[in-house]
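Okay, structure first, notes after.
Order of the sequence lines sets the chain letters (A, B, ...), proteins ahead of strands, with each chain counted from 1.
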Amino acid sequence: MPRPYLRSGQSCQLFSKETKSPRVTEVRTMSYNTHEVENKWQRTWSEARVFEVEVDPSKPKFYCLEMFPYPSGNMHMGHVRNYSIGDAMARFQRMMGKNVLYPMGYDSFGMPAENAAKKEAGHPHSVTERNIAMIRADQERMGYSYDWRRMFATSTPEYYRWNQNMFLKFFEAGLVERRFAPVNWCNDCDTVLANEQVKNNRCWRCGLEVVQKDMAQWFLRMTEYADELLEELDKIEFPENVKAMQRNWIGRSQGAHIDFSVVGSDSVIGAFTTRPDTIFGVTFLTLSPEHPLCEELVSGTEYESAWLELRNECARMTEFERINMLKEKKGVPLGRFAKNPLSGEEVPIYAGNFVVASYGTGAVMAVPGHDQRDYDFAKKYGISVRPVLSRERDGEAIEENPVFDGLGWMINSNRESFDGLHGNEAKEAVISALEAEGTGHGTVQFRLKDWLLSRQRFWGTPIPMLHCDDCGVVPVSLDDLPVELPLDVKFSWEDSGNPLATNQEFLEATCPQCGKNARRETDTMDTFYDSSWYFMRFADSNNIARPFDPDKVNYWMEGGVDLYIGGIEHAVMHLLYARFFTKATRDLGMNLVGEPFGRLVCQGMLNAPAPFCVKCNSEYHVENFGGDCPNCGGKLSTRSVKMGKSLGNTISPGDMISKFGADTVRLFILFGANPEAGMDWSDSALEANNRQLNQIVDAFKIGSNIKSSPSDMDNWLLARLLDNRTRWTEAMDDVSLREGVMISHFEMLSDWQWYRRRGGSHAPTINRFLSSWAEMMAPATPHIAEEFWESLGGLGLVASNTLSEISDLSVRDWSEILASEEYLRDLIDSARNLKVLAQKHSDIPITKMVVQTALSWKAELAYEAVKLSRTNFDFKTKGQEYLKNLKIFEKESMRGEIFQTWMAMTAGSKKKRGRVNTWSEGQKNLVLGHFDETSVINKNSSFIASSLQIDTVVSYSVGDGEDVAGKAKVSFPLEPGISFI
RNA sequence: GCAGAGGUACCCGAGUUGGUCAAAGGGGCCGGACUUAAGCUCCGGUGCAUAGUGCUUCGCAGGUUCAAAUCCUGCCCUCUGCACCA
């Protein structure tokens with residue numbers, strides 16, 4: 001049973017306040033008081049608590065989440081786009097009857113708060129609190145439907161105590177490690193960085209060049225999960241580029257670890273290679289200049305100084321120099337030799353600037369015969385080249401440049417049984433031989449490193465560990481959590497480093513093992529740790545006994561977050577950490593799911609115009625608009641580039657809301673581009689969307705004040721409603737928001753306008769149409785939709801209702817009324833074009849249109865053709881035979897014309913397909929139903945006449961009147977001959 | 001160099017299981033209606049031709065097909081990520 005969706009006897013008061021102004025009554029477009037409307041509904045929603053949800057196993061759940069923001073002050077347009085997408089989907093899924101979890105929180109630990117605190121000599125805590133209040137107010141102003149009860153900030157002890165709690169559990173499980181390691185250090189930020197946070201050897205945050213330091217650091221053993229992280233990428237619904245980036249980052253490569261013993265020494269050089277099948281082609285080894293063995297090998301020899309020079313050069317090089325220098329491969333001999341474990345050959349050892357210390361073992365077995373880089377190196381230093389793979393079976397291995405680096409057949413092995421093996425078989429044979437002789441083994445190498453977790457910063461989660469002189473490194477006991485950050489800390493530019501390190505009160509602790517004094521760890525956690533599990537906390541935000549209740553998490557997280565929306569910049573870091581974390585907590589028994597995110601949508605860039613110099617190919621700050629290029633003095637043009645502070649081409653959401661209202665901003669954002677696509681900011685497009693919204697307001701105003709009289713158009717309107725809503729539901733379900741909004745905010749309006757133009761005016765139909773329309777508008781423009789809903793007397797709130805039932809419409813066959821209207825539209829369209837042409841042949845203005853519809857035998861033929869086409873009749877082979885047996889075909893004089901018509905209907909010509917293939921279902925129904933074109937045209941003659949701006953329209957079947965302008969011959973079923981007088 | 005995404009009319013942008021595609025929608029521009037007047041709203045136009053179903057077009061060049069924006073091959077260009085990764 002369809003749910004009743006209207007209260008009876010409602011009078012319409014839609015925006016009656018607006019009509020007070022005498023000016024407005026003249027203006028045909030209604031505008032509305034956005035602030036009043038938006039405030040009113042935001043208040044109503046909040047009071048009715050419609051967005052508050054709880055676990056309810058009887059309903060399907062939908063977890064809609066946006067990457068929570070770092071609170072840096074006011075909300076910016078990128079946020080607006082992110083949340084407008086999420087909110088539309090959350091609201092849509094609620095309408096679809098889902099139990100929707102849609103939370104918001106703040107990722108509030110991090111460096112910027114420290115810097116701000118220094119600037120104003122305050123505390124990061126107060127800076128953060130203030131910023132959270134600002135961004136939250138902005139979010140509320142946009143009307144986002146969050147369950148605010150679940151809100152939290154990660155910088156509160158209520159949250160970060162669970163960071164610590166889980167850290168200790170990871171520690172117990174052996175996932176935490178403290179070790180000395182060469183780390184990436186940023187002088188500006190005064191802290192180490194994880195590998196993921198170094199971009200082109202620069203700090204991801206401040207851009208300063210990263211230097212290497214050796215320090216004791218805390219690691220999370222993410223590499224334990226490397227395989228699973230890689231393999232499950234195939235199963236999850238991430239965009240391809242994100243998957244590619246993660247695969248790239250994890251960088252699994254399969255190969256062999258091979259030990260080369262150093263001649264005249266006990267040392268062994270382990271090398272990783274993906275091509276063990278080329279082992280017989282090794283003619284030298286290359287170590288990274290930093291390799292510890294280098295020093296040992298050259299110490300006290302004539303080679304020492306050259307090596308030292310190379311090592312120092314590599315160590316002090318800036319990034320720019322390094323890139324430049326690496327165009328040239330450079331190396332020095334170390335004066336020693338290593339023994340190839342399979343061939344027994346002794347090959348020279350080099351140090352090379354191109355060998356990366358941190359990848360693999362920092363040593364490369366060089367095969368110049370089959371590796372381009374090794375080949376170039378060998379040629380430069382006069383080292384021999386030995387090809388050991390052939391392109392063909394039983395072929396030769398030849399030295400060539402560029403080298404052959406594909407898989408081939410082994411040859412020139414100086415041991416039995418290897419020659420003739422190919423590709424993977426060859427690799428396996430070599431590995432088995434190495435394993436049998438204890439000189440190597442098959443192995444997998446990852447580019448992914450363990451997660452370097454510790455930061456030497458204040459504003460983060462304190463790592464809950466203690467340093468005891470007697471017991472060493474000891475975990476804080478679970479009962480002593482949280483280890484809180486002290487609030488009585490002053491920040492200033494003079495003090496560099498971590499204030500925790502000098503805070504006596506914080507530092508002093510008691511060792512839980514021996515009871516003596518201990519020193520607290522002063523490193524805090526990388527803030528990516530905070531965001532690696534926040535989505536699970538949202539399932540149970542206010543739990544004070546544990547991070548989250550497993551039952552709640554398992555309900556909400558089943559299959560992962562259903563829709564996760566955020567920026568592509570987190571493709572590797574956040575998304576990889578969170579995936580790892582979820583698997584780790586799963587293995588601790590805290591949750592069932594292993595992959596945190598189901599469908600991931602990465603919103604596109606938001607661009608805005610900025611001055612641009614074509615010649616210099618660079619963009620400038622907006623203050624240069626109208627001026628000349630600061631670089632070359634040439635004329636500046638405009639280009640759309642990513643919105644950002646550096647160019648000043650930002651748009652303030654607050655200003656836009658004040659000017660046009662939240663609904664217009666949301667409509668613009670959603671209509672401007674699909675979520676994944678980049679989008680350009682345009683003031684004129686924003687204004688156009690505002691006009692569109694005002695037109696809709698106008699439609700509702702007219703629609704609820706109508707004199708009622710039924711007509712055929714009512715069925716048409718309901719048919720359009722059914723079609724639109726079906727397509728809308730599909731589009732929205734697929735997160736194709738642009739398409740969804742196009743239907744709900746554009747096509748619905750133009751259908752409404754056509755209905756009105758055609759004289760539609762029936763209150764029950766209109767009510768039905770408008771109330772469904774109000775629902776369809778709710779995800780994108782919720783405030784105005786709610787206003788419409790109320791004015792129509794709808795029950796409850798659109799925000800909490802499920803979509804009203806329209807299945808009663810779908811049982812009816814609307815194709816004929818749709819086709820008939822389409823016929824009329826097409827007729828007017830072609831007549832309009834023809835009229836222009838006809839006018840050229842006439843000296844006096846055209847006043848009359850004559851429409852000659854096709855003769856009945858043509859309609860009969862069409863009927864036969866359509867009927868046959870429904871049975872998958874093969875017109876090509878059997879069509880002519882069928883035609884010849886028809887009664888009409890008996891008239892010999894007409895056979896030529898009949899044949900032509902039949903062919904046009906069925907087989908078509910080379911260039912045009914037969915009508916049975918091109919007619920829509922509705923058109924076919926018209927043909928089958930013996931659609932009376934003449935009477936439809938005559939019935940609508942005055943409408944057609946006014947559309948075409950002529951006086952009279954007459955229609956008759958060919959032969960029933962004068963053949964004006966000889967148009968009888970072109971008449972065809974559904975394509976009448978049209979002439980103008 | 002490797003990987004991923006792309007190149008559609010003045011602009012943005014849909015369309016890519018081949019056919020109803022001269023190609024949705026929006027912006028801009030143009031015309032008409034309404035109006036004292038519009039920056040509002042409504043109707044229409046916006047490749048060329050034409051009293052009609054014709055021609056040319058979807059980065060460039062070929063190919064498959066009765067039929068290509070859509071499929072295949074090669075090339076050019078743009079964006080993004082990774083990069084002496086062994």
Classify every nucleotide of nucleotides 46-53 of chain B by which part a protein heavy atom approaches to under 4.0 Å, writing B for the base, S for the sugar-phosphate alone and - for neither, in 5'-to-3' order.
----BBBB
Main-chain N/O of Gly251(A) paired to Arg247(A) side chain as donor or acceptor, under 3.5 Å:
no
What is the nucleic acid contact for Arg247(A), judged by heavy atoms within less than 4.0 Å: base, sugar-phosphate only, or nothing?
nothing
Check the distance between U80(B)'s P and Trp249(A)'s CH2 and give it to me in whole angstrom.
18 Å
What's the closest nucleotide to the Ala244(A) side chain, out of G4(B), U41(B), C43(B)?
G4(B)
For the residue pair Phe746(A) and Phe671(A), does the interplanar ring angle fall in the parallel (under 30°), tilted (30 to 60°) or perpendicular (over 60°) class?
parallel
On RNA chain B, check which nucleotide each of Thr274(A) and Glu747(A) is closest to and give me the residue with the more 5' one.
Glu747(A)
Flag this pair as yes if the NZ/CZ of Arg720(A) is under 6.0 angstrom from the six-membered ring centre of Trp754(A) and inside a 45 degree cone about the axis; otherwise no.
no
Could you tell me the separation between the CG atom of Leu824(A) and the P atom of C43(B), rounded to a whole number of Å?
15 Å
Only pairs with both distances under 3.5 Å count, Watson-Crick or wobble alike; so what is the partner of C60(B) in this structure?
G74(B)
Which of residues 365-374 of chain A have a heavy atom under 4.0 Å from RNA chain B?
Arg373(A)
Is Met245(A) touching bases, backbone alone, or none of the nucleic acid, heavy atoms closer than 4.0 Å?
sugar-phosphate
Choosing from C84(B), G44(B), G13(B), which nucleotide comes nearest the side chain of Phe354(A)?
C84(B)
Closest nucleotide among C84(B), G28(B), C43(B) to the Asn353(A) side chain:
C84(B)
Mind checking whether His257(A) and His441(A) have parallel, tilted or perpendicular rings, split at 30° and 60°?
parallel
Would you mind reading off the distance between Leu948(A) atom CG and C42(B) atom P, rounded to a whole angstrom?
20 Å
Hey, which of these two, Ala685(A) or Met742(A), hits RNA chain B nearer its 5' end, going by closest nucleotide?
Met742(A)
When the ring planes of His570(A) and His574(A) are compared, do they come out parallel, tilted or perpendicular, using 30° and 60° as the limits?
perpendicular
Within the 3.5 Å criterion, strictly below it, is a donor on Gln372(A) or Asp405(A) matched to an acceptor on the partner's side chain?
no
In whole angstroms, how far is the C1' atom of C85(B) from the CG atom of Asp405(A)?
15 Å
Going by atom types only, do Asn690(A) and Thr664(A) share a side-chain donor-acceptor pair under 3.5 Å?
yes
